[in-house]
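Small disclaimer: the values here were computed from a predicted structure and weren't measured. Excluded from the calculations below are hydrogen atoms, water molecules and symmetry mates; all remaining heavy atoms, backbone and side chain alike, are included. So that the names make sense, note that chain A is the first sequence line, chain B the second, and so on, each numbered from 1.
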Amino acid sequence: MNQPDVTIGIGGAAGDGVASAGNTLAVSVARQGQAVFAYNSYQSVIRGGHSWLRLRISAKKPLNHGDQVDAVIALNQDTLDRHLQELQAGGLVLYNSAKLKPRYEPPKGVQLCPLPVPQLTPAYEKLPVMQNTVAVGAAMHLMGLDFEGLASVLESTFAKKPQVVKVNVEAAKAGFDYAAAHFQPLPKQLQKTSRKWALMTGNELMAMGAAFAGCKFYCAYPMSPATHILEWFAGHAKELGICVRQVEDEISVVNMSIGAGHMGVRSMCATSGGGLALMTEAIGMAGMIETPVVVVNVMRAGPSTGVPTKTEQADLNQAFGASQGDFPRIVIAPLSMHDCFRTPALAFNLAERYQCPVIILADLLMCEDNETVDTSLLDVDFTIDRGELMTEANAQFDGKPYLRYEDTPSGISPRAMPGLPNHLYVSGTDEHDEDGVLLSDVFTDPVRRKKMVDKRARKMDTVLDHVPAPTLEGAVGAELTLVGWGSTWGVLVEAVERLNQEGISANHLQINLLVPFHVKAVTDILSRSKNIVIVENNFSGQFARHLRAETGLVARGHIRKYDGEPFEPKHIVAGVKEILAGKDLVNVLSTEPGWRTDHPTGTSGDWAGRLVGAARSV
Amino acid sequence: MNQPDVTIGIGGAAGDGVASAGNTLAVSVARQGQAVFAYNSYQSVIRGGHSWLRLRISAKKPLNHGDQVDAVIALNQDTLDRHLQELQAGGLVLYNSAKLKPRYEPPKGVQLCPLPVPQLTPAYEKLPVMQNTVAVGAAMHLMGLDFEGLASVLESTFAKKPQVVKVNVEAAKAGFDYAAAHFQPLPKQLQKTSRKWALMTGNELMAMGAAFAGCKFYCAYPMSPATHILEWFAGHAKELGICVRQVEDEISVVNMSIGAGHMGVRSMCATSGGGLALMTEAIGMAGMIETPVVVVNVMRAGPSTGVPTKTEQADLNQAFGASQGDFPRIVIAPLSMHDCFRTPALAFNLAERYQCPVIILADLLMCEDNETVDTSLLDVDFTIDRGELMTEANAQFDGKPYLRYEDTPSGISPRAMPGLPNHLYVSGTDEHDEDGVLLSDVFTDPVRRKKMVDKRARKMDTVLDHVPAPTLEGAVGAELTLVGWGSTWGVLVEAVERLNQEGISANHLQINLLVPFHVKAVTDILSRSKNIVIVENNFSGQFARHLRAETGLVARGHIRKYDGEPFEPKHIVAGVKEILAGKDLVNVLSTEPGWRTDHPTGTSGDWAGRLVGAARSV
Amino acid sequence: MATAVAPKKMAMKDFKPEVPPDWCPGCGDFGVLNALFQACAEIDLPPRDLLVVSGIGCSSNLPGFIRAYGVHSLHGRALPFATGAKLANHGMTVIATGGDGDGYGIGLNHFIQAMRRNIDVTYIVMNNEIYGLTTGQVSPTSETGMKTKTTPHGNLEQMLNPMALALASGCGYVARGFSGQPKHLMKLYVDGIRHRGFALIDVFSPCVTFNKVQTYEWFRERVYKLEETGHDPTNFKGAMDRALEWGEKIPIGLLYRNPSPPPSLHEQDPGLQSGVLVHLPLGVSGEQRRKCIGEFT
Amino acid sequence: MATAVAPKKMAMKDFKPEVPPDWCPGCGDFGVLNALFQACAEIDLPPRDLLVVSGIGCSSNLPGFIRAYGVHSLHGRALPFATGAKLANHGMTVIATGGDGDGYGIGLNHFIQAMRRNIDVTYIVMNNEIYGLTTGQVSPTSETGMKTKTTPHGNLEQMLNPMALALASGCGYVARGFSGQPKHLMKLYVDGIRHRGFALIDVFSPCVTFNKVQTYEWFRERVYKLEETGHDPTNFKGAMDRALEWGEKIPIGLLYRNPSPPPSLHEQDPGLQSGVLVHLPLGVSGEQRRKCIGEFT
Ligand SMILES: Cc1ncc(C[n+]2csc(CCOP(=O)(O)OP(=O)(O)O)c2C)c(N)n1
Ligand SMILES: Cc1ncc(C[n+]2csc(CCOP(=O)(O)OP(=O)(O)O)c2C)c(N)n1
Ligand code: SF4
Ligand code: SF4
Ligand SMILES: [Mg+2]
Ligand SMILES: [Mg+2]
């Protein structure tokens with residue numbers, strides 16, 4: 001980390017244009033070779049409320065959104081009031097002085113940067129959102145970047161309305177120049193590079209990765225935070241020749257996806273927890289009829305409807321326990337946004353090779369937020385392994401009856417694509433024999449029943465050979481091993497660096513394949529660890545339990561978070577210190593002043609006359 | 001076990017009257033103070049096929065169906081052919097000599113007992129099913145019982161048709177007398193006692209137990225093997241004042257049940273695995289809005305549709321992982337049929353005290369089969385604990401606003417029955433504050449969010465105080481501890497006796513409360529055990545995994561079965577011996593000759609021309 | 001009961017909550033809610049005797065915005081929840097509310113079966129022909145050809161017709177309102193709540209943020225009141241004709257009311273003949289118990 | 001492809017499987033199946049081009065009893081499975097089969113949406129007005145008052161009317177047959193399979209074991225053929241009138257056929273314009289890839 005990084009927070013109400021200002025800024029810095037990691041904390045209202053977008057920007061790719069803002073762009077008074085206090089010496093806040101005024105004393109050393117927007121752009125009078133453009137222009141300067149990147153972004157954004165381009169570019173330039181003339185630049189100045197970044201969300205990466213890996217059928221029912229996968233697919237269906245359907249519910253979604261997978265296309269669907277609950281019955285069907293299907297679950301804070309706009313990692317139990325009975329399934333949790341891009345390809349290969357359902361456990365943090373990914377990592381040809389699939393191109397007919405569920409040594413039975421001559425079969429969710437004929441309709445047949453259970457289960461024997469085992473990151477022999485799974489990878493990498501800087505020697509193991517589990521590899525690594533600390537974004541420690549069930553390993557300490565906000569490096573560092581001081585479980589909490597919320601009925605504040613009806617008699 | 005026991009197998013096709021003959025016999029022996037344990041192996045066809053009902057009869061209550069038949073009543077030729085070979089010296093087979101003829105040599109010492117039915121009852125000519133009555137009469141004699149019990153049963157069975165009573169009683173008597181005159185009685189002769197037994201299935205016991213414990217709302221969608229709970233309730237709804245509804249699907253079932261529970265009635269529903277999958281989303285809702293509801297899952301052999309008429313214990317993962325996120329739930333597996341009767345009362349008390357969903361994990365074996373239960377164990381007043389429920393009778397209004405989700409020290413928030421004055425509230429599946437107002441709609445509120453998760457979770461802290469910990473059965477310090485859960489209790493009790501008789505010192509721990517888990521009590525017991533052997537009726541060892549996850553304990557050996565047929569004591573004894581000989585996993589299999597099935601397309605036999613279409617070209 | 005409550009005439013304000021709705025300014029659902037306040041006052045229904053159950057969606061936030069007992073259940077499950085609640089305590093008035101996605105998408109099966117079942121629940125559907133809360137995807141009531149985030153080339157499916165489905169499913173009270181006509185809507189509510197049995201009130205309730213086609217203006221140009229045309233709501237075939245009308249002119253008002261409605265479910269259910277379930281003593285008498293056991297001896 | 005197959009005229013025997021159906025002797029489903037053999041032969045459909053998808057129930061065992069590609073899926077889910085299959089390979093003929101519980105109970109939502117969606121699937125429902133496989137519980141099509149194992153005091157719900165629902169849902173081919181009239185039924189199948197788009201054929205298929213009311217005789221006394229009455233199946237309102245008929249006389253035959261049917265879903269879906277999905281090359285071209293990435297730079 002020899003490159004400086006700057007974190008800018010943009011806040012406003014829904015409708016104030018937080019997202020678009022953030023996007024303009026992010027793409028502009030990306031065009032100057034900066035990498036970005038964004039985190040947007042927002043509210044489940046369509047208009048109004050508060051939205052707080054943090055962009056961490058650096059020439060060296062940031063792996064998380066950091067834990068300290070350097071600059072704030074306040075689009076409304078509320079933002080100014082909430083977040084001013086979060087800044088530290090050297091930090092600054094940009095705001096439209098014609099509209100907003102700080103109501104608190106800024107922390108020591110924090111620079112107030114009022115922008116006289118009406119003077120800077122005449123367009124403001126009719127288009128109040130021009131204040132955003134001015135502020136973005138100013139921010140570019142204060143970070144030490146050039147103006148050109150921003151101009152080119154504004155040009156492409158408004159490509160269809162040339163007059164608007166001009167006004168915006170002028171306003172941005174005015175902001176840029178005004179900042180140069182009136183404000184102190186940030187202490188950390190960014191360096192331009194020539195790297196090419198694409199700014200994308202995990203959802204977009206997941207969708208694009210799936211399409212590149214041969215997904216031909218995508219079906220979904222809208223559900224946050226997975227909806228954008230559907231929207232990306234819908235927008236690209238025609239040009240890429242993919243059938244994309246929104247249907248009546250998640251039950252229909254998964255059954256259609258399995259139906260399509262059964263016919264021989266690569267088929268995927270996505271949802272979040274409650275939708276996955278509805279899909280579980282059919283996931284068992286896919287296990288039983290041995291149909292490849294990929295089901296993405298973008299986790300959000302539960303239980304039940306929970307907090308739809310907040311992140312969590314608490315659906316591992318659900319994925320593990322999806323559907324009744326024992327059957328082969330694979331569960332993978334991508335570790336980063338780039339991993340969101342690669343995971344569908346892996347999932348399809350495994351689903352087709354092992355003819356079973358594959359569940360991808362992603363989460364809101366990685367799927368809804370934006371990150372820059374090196375474009376060269378995206379422009380790749382995925383290896384496509386369709387497993388033992390018999391098509392018109394490769395099928396041999398030897399005159400022998402075709403056994404769809406043949407009891408082979410590997411447990412994998414060559415699968416004929418329906419429509420093939422000489423390979424008729426029936427796939428049934430009842431227990432069936434090798435030829436597909438139901439065993440459930442005979443009186444009883446313990447021998448054949450057992451044979452078929454064993455055959456299916458045997459397929460899992462070789463999965464681990466096809467998925468690299470996790471490896472220890474950092475120094476072997478460190479005092480402390482942090483263990484995480486899924487999206488916490490980026491925050492843990494940085495936490496480990498900081499711990500080491502602070503003299504606490506730590507290394508790191510991140511798990512992506514949850515079922516089946518790399519028992520041997522993980523045990524080998526962790527049994528050599530001096531102190532294991534498991535970090536996960538849920539209440540009960542679902543992964544810790546899974547690890548113990550699989551390997552018997554018990555951690556020395558646990559750091560958990562289930563307050564809706566994601567981990568930041570500082571939480572982990574603080575948690576580790578508490579554990580080293582003797583605690584075994586640390587539930588960390590986000591407590592930034594900006595996150596203090598005025599509860600509509602004020603449970604912890606003043607009650608009088610505000611509580612839902614109950615206080616009045618009926 | 002100083003009382004002899006006799007096992008009679010009755011076999012025939014669906015439509016031959018196997019069940020009614022078995023029922024007549026069972027109730028007749030019960031009226032002479034004999035206890036019965038029945039197991040019916042049947043086929044998922046409505047007519048034809050084969051059905052094989054085994055009744056184990058003794059003055060001392062048998063805890064399982066045993067592993068050896070002493071006598072066979074063959075209602076058709078198929079039964080005679082299949083099951084004759086299962087008999088051992090001293091055994092006998094009864095059949096209608098006018099219709100059937102043994103086609104194999106009987107095993108040595110087995111008595112053939114042909115009944116010349118047409119001579120014994122003139123009614124046979126018009127009513128072929130009279131052969132059953134004759135055979136049952138004969139069997140009564142051969143076991144050493146009186147005729148009276150049988151006569152009284154026939155009288156009550158045909159109470160509405162007096163002519164039929166006469167004919168049946170005469171036919172039964174003729175069979176009884178013919179046997180006395182022509183056949184050797186069974187070597188083991190039963191002794192009459194004066195105990196009172198009710199012959200019931202676990203489903204009936206579960207339904208009745210629920211009704212006695214105050215269930216006022218029962219809703220279901222038919223699904224084997226849980227359907228009979230619905231049928232019992234439907235038959236008793238009117239007289240007992242219970243609302244019983246069959247509705248469109250399991251999603252509707254569970255949501256209605258929760259709706260009813262929310263209003264303040266004790267509400268239950270039941271299904272099997274695939275239905276439970278559909279219910280999982282709403283189980284999470286009950287957890288979040290803190291509504292008591294009891295959900296019964298009668299497990300059958302899976303995965304997916306699986307083998308609907310066969311038993312298994314493979315839905316533990318599903319129950320544990322039902323729905324997304326972390327929330328309090330309770331999972332209980334009854335240990336016996338009598339326990340099926342008691343469990344709903346326990347479940348309701350826990351559900352209401354802790355305001356959470358309770359899942360009862362029963363299985364086909366215990367729920368569909370008949371067993372005698374001492375009537376004095378059924379005629380009891382259950383203690384009803386409604387927890388902190390505020391009704392018009394007990395609610396105090398102190399003028400303060402009512403907080404439905406008040407953050408109390410126990411985590412339990414007093415629950416007002418809707419309709420109460422001054423206690424209006426909204427229950428939402430979104431995260432909400434103490435007053436019920438949504439937290440998900442505020443910007444973010446890490447502090448309150450965490451508070452509410454903690455509050456809900458804290459409720460589970462005292463559950464273990466209200467459910468007795470499991471206790472070790474048998475000699476402390478035995479060489480071997482068998483550990484089972486749920487319905488295997490009865491077979492394990494007998495297996496332990498036999499092992500001890502054979503000089504293998506063993507004791508036994510049976511678990512009924514799965515979530516939360518009696519970690520301390522179980523660890524205390526098992527950490528003192530020399531060798532743990534876990535017995536469970538599934539492929540992957542779901543309980544063994546659960547035990548390890550909860551306690552870290554790993555067994556020396558595992559005995560598993562997943563062939564559709566239930567464990568018998570002999571399987572356990574044999575399994576233990578293999579483990580003592582060094583194996584760590586023994587998958588036992590039912591291999592009685594009677595269970596050999598002629599597969600419709602003969603996977604393991606002759607193929608020619610029988611296989612589904614594939615062999616012919618299209 | 002701790003506090004005796006003097007009977008009094010309810011007014012709109014008695015139903016207005018402390019928590020202000022967080023719908024977008026101008027959202028049609030405000031009109032739906034206001035008319036409901038009025039209808040409840042009109043019926044003189046004490047809030048404590050009212051249960052409002054919803055699913056998930058913008059519209060389904062409604063129970064949080066009315067002073068009554070409320071449940072904000074799962075997406076698509078308002079009707080089964082409401083059915084269980086009504087059967088458990090048929091002394092309470094039960095209203096179910098939700099959106100077009102909630103009721104006609106994921107919850108469609110329950111909708112149809114609830115009508116067949118004739119449960120005494122009033123169902124108010126805020127039909128904005130879009131998925132609002134998830135920010136603008138196609139709904140079952142979106143018109144064919146409509147471009148949404150998930151149908152960028154236009155919706156290929158035929159619009160679902162809730163009026164015709166309700167008639168075909170034996171619903172005894174079938175009405176449609178428009179949130180831009182709150183007085184008219186209020187009347188439909190009052191009659192619907194008073195109707196013994198299932199009552200459907202589908203309400204055109206514009207989503208000002210995501211549906212730029214079916215706006216207030218769009219509806220205002222098209223809707224006409226059946227009450228002003230001499231339509232006979234007891235004539236089933238006439239109602240079906242009106243139900244199929246869509247385009248230049250769209251009818252609102254009471255399409256159909258069964259002139260001889262069958263009893264509602266709770267009036268017939270054998271188990272409910274002994275009284276309101278929540279008020280029955282729990283468990284069974286010793287005599288009943290022994291009778292039940294005796295059947296198995 | 002290994003073996004070249006000479007085109008030939010299909011006969012009933014080509015569809016008869018080696019596994020004999022295990023329905024109860026006399027079950028109506030035998031007639032349903034036989035008529036299907038005939039229809040497939042009539043259409044001259046090679047078994048390998050036919051996919052038969054069912055749910056769970058006695059009736060849903062059908063795919064095991066016909067030589068074709070088959071799927072015996074989940075209870076209530078035949079239509080979504082069939083829809084996914086058809087969209088993945090629209091070169092195949094897809095027939096979905098099942099029972100009244102499967103299609104009109106647990107699967108009702110999918111049924112209605114499939115009709116709106118106009119997926120080119122022929123749906124054959126063996127309607128015995130009872131749950132057969134689970135041994136005799138009430139079904140959505142059981143008559144009001146019917147006593148079953150779960151309605152010992154009589155069914156309280158109104159019978160679901162699949163014909164009226166199909167019409168209200170925009171189904172372009174709505175027919176009803178009787179398994180006791182296999183020739184007539186066969187003709188309905190042939191036309192239904194040939195219909196471009198969703199086709200419903202509801203078949204009265206008596207359950208001889210559990211439905212002692214709606215027997216062969218019961219139906220024989222009541223059914224009459226629309227084809228013999230001059231009924232015009234292209235007249236929607238006339239069809240609705242017929243759909244509502246139930247009692248002494250019950251119509252069978254083609255109730256409705258849309259005279260100008262819209263294209264079916266696979267003909268319109270933007271993603272399917274490049275061809276049959278299963279035959280498209282997997283993945284995307286380098287050019288397409290770079291275009292997709294470029295949108296984010
Ligand atoms: C099982 C499940 N699937 C999906 C969602 C996500 N979701 C929430 S609201 C909604 C649709 C809202 O549309 P509608 O019911 O029309 O209500 P509106 O917001 O338009 O008022 C969806 C799909 C969910 N909450 N649960
Ligand atoms: C999710 C689920 N719920 C319940 C069942 C049990 N089940 C199997 S078939 C059936 C109903 C059968 O009725 P129908 O569809 O009319 O077919 P029929 O047997 O009458 O032909 C039911 C409820 C199931 N298999 N899956
Ligand atoms: S998004 Fe639409 S439906 Fe939702 S609150 Fe806003 S205007 Fe209303
Ligand atoms: S139970 Fe009924 S539907 Fe099922 S096979 Fe027998 S007759 Fe047919
Ligand atoms: Mg809507
Ligand atoms: Mg049926």
Checklist outcome for this item: Turns out that what part of Y221(B) lies under 4.5 Å from chain D's heavy atoms comes down to side chain
Next on the checklist: Using a 6.0 Å cut-off, check whether atom NZ of K238(B) has over 12 heavy atoms from anything other than its own residue.
Outcome noted: no
Checklist outcome for this item: Checking heavy-atom separations under 4.5 Å from chain B, one finds in residues 150-166 of chain D T150(D), P152(D), H153(D), L156(D), E157(D)
Checklist outcome for this item: One should read off an interatomic distance between H228(B) NE2 and K149(D) NZ, to the nearest 0.5 angstrom, of 6.5 Å
Checklist entry - Considering heavy atoms only, which positions within residues 246-258 of chain B lie below 4.5 Å of chain D? => result Q246(B), E248(B), D249(B), E250(B)
Next on the checklist: Between H72(D) and chain B, with a heavy-atom cut-off of 4.5 Å, which part of the residue counts as in contact: side chain, backbone, both or neither?
Outcome noted: neither
Next on the checklist: At a 4.5 Å cut-off on heavy atoms, which part of T148(D) comes close to chain B: side chain, backbone, both, or neither?
Outcome noted: neither
Checklist entry - Can you pull the salt bridge (Lys or Arg N to Asp or Glu O under 4.0 Å) pairs that have at least one residue in residues 265-277 of chain B, sequence neighbours excluded? => result R266(B)-E352(B)
Checklist entry - Should we count NZ of K212(D) as having more than 12 external heavy atoms under 6.0 Å? => result yes
Checklist outcome for this item: Expected contact set for residues 104-117 of chain D against chain B at heavy-atom separation under 4.5 Å reads G105(D), I106(D)
